[in-house]
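The structure's right below; bear with me while I get my questions together.
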Amino acid sequence: MINKFFKNNDNKKFKFLFKDLRYLNKHVLFSMLFLASFGILNIYLATKWTENPTFYVIKQALWFLVSLISLYFY
């Protein structure tokens, strides 16, 4: 799968090909974004009465970004 998104150029570095984004499963990506945003909203609503409610929201959003990068680009 990684060969569809990256190619080797003259400098031996990987380059992202935007024309190959059509191979990305958009329904799965949308479902992941919806479920993650719903989960982040629930975490915010559960912790909004604490001293720092955004700490848990930012922590969850960062874990989502790490999982998204590792799923699609690793």
Side-chain angles (χ1 to χ4, degrees):
M1 181 174 172
I2 199 165
N3 293 334
K4 291 181 183 178
F5 293 108
F6 293 97
K7 75 174 185 179
N8 202 356
N9 63 9
D10 297 331
N11 297 331
K12 304 289 184 192
K13 295 180 181 177
F14 289 108
K15 183 178 178 185
F16 188 76
L17 299 175
F18 288 101
K19 68 177 183 174
D20 288 336
L21 279 177
R22 64 177 177 257
Y23 296 116
L24 191 67
N25 194 343
K26 291 170 185 61
H27 296 290
V28 172
L29 185 63
F30 177 73
S31 299
M32 286 175 46
L33 288 172
F34 177 74
L35 287 172
S37 62
F38 184 71
I40 290 171
L41 176 67
N42 281 330
I43 289 172
Y44 174 74
L45 291 175
T47 61
K48 72 178 180 179
W49 303 111
T50 60
E51 293 178 13
N52 190 4
T54 58
F55 170 75
Y56 298 105
V57 172
I58 292 171
K59 187 176 176 181
Q60 184 68 23
L62 287 177
W63 278 113
F64 172 68
L65 288 176
V66 167
S67 68
L68 186 67
I69 290 169
S70 67
L71 179 66
Y72 278 106
F73 300 110
Y74 183 65

Under 3.5 Å, which donor-acceptor pairs link side chains of residues 27-44 to any protein atom two or more places apart or in another chain?
| residue | atom | partner | partner atom | Å |
| --- | --- | --- | --- | --- |
| Ser31 | OG | His27 | O | 2.9 |
| Ser37 | OG | Leu33 | O | 3.0 |
| Ser37 | OG | Phe34 | O | 2.9 |
| Asn42 | ND2 | Phe38 | O | 3.4 |

Using atom types as modelled, flag every donor-acceptor pair under 3.5 Å from a side chain in residues 50-64 to any protein atom, sequence neighbours excluded.
| residue | atom | partner | partner atom | Å |
| --- | --- | --- | --- | --- |
| Thr50 | OG1 | Thr47 | O | 2.6 |
| Asn52 | OD1 | Thr54 | OG1 | 3.1 |

Could you tell me which non-hydrogen atom of Ser67 sits nearest to which non-hydrogen atom of Ser70, and how far apart they are?
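Closest pair (atom of Ser67, atom of Ser70, distance): O-OG, 3.0 Å.
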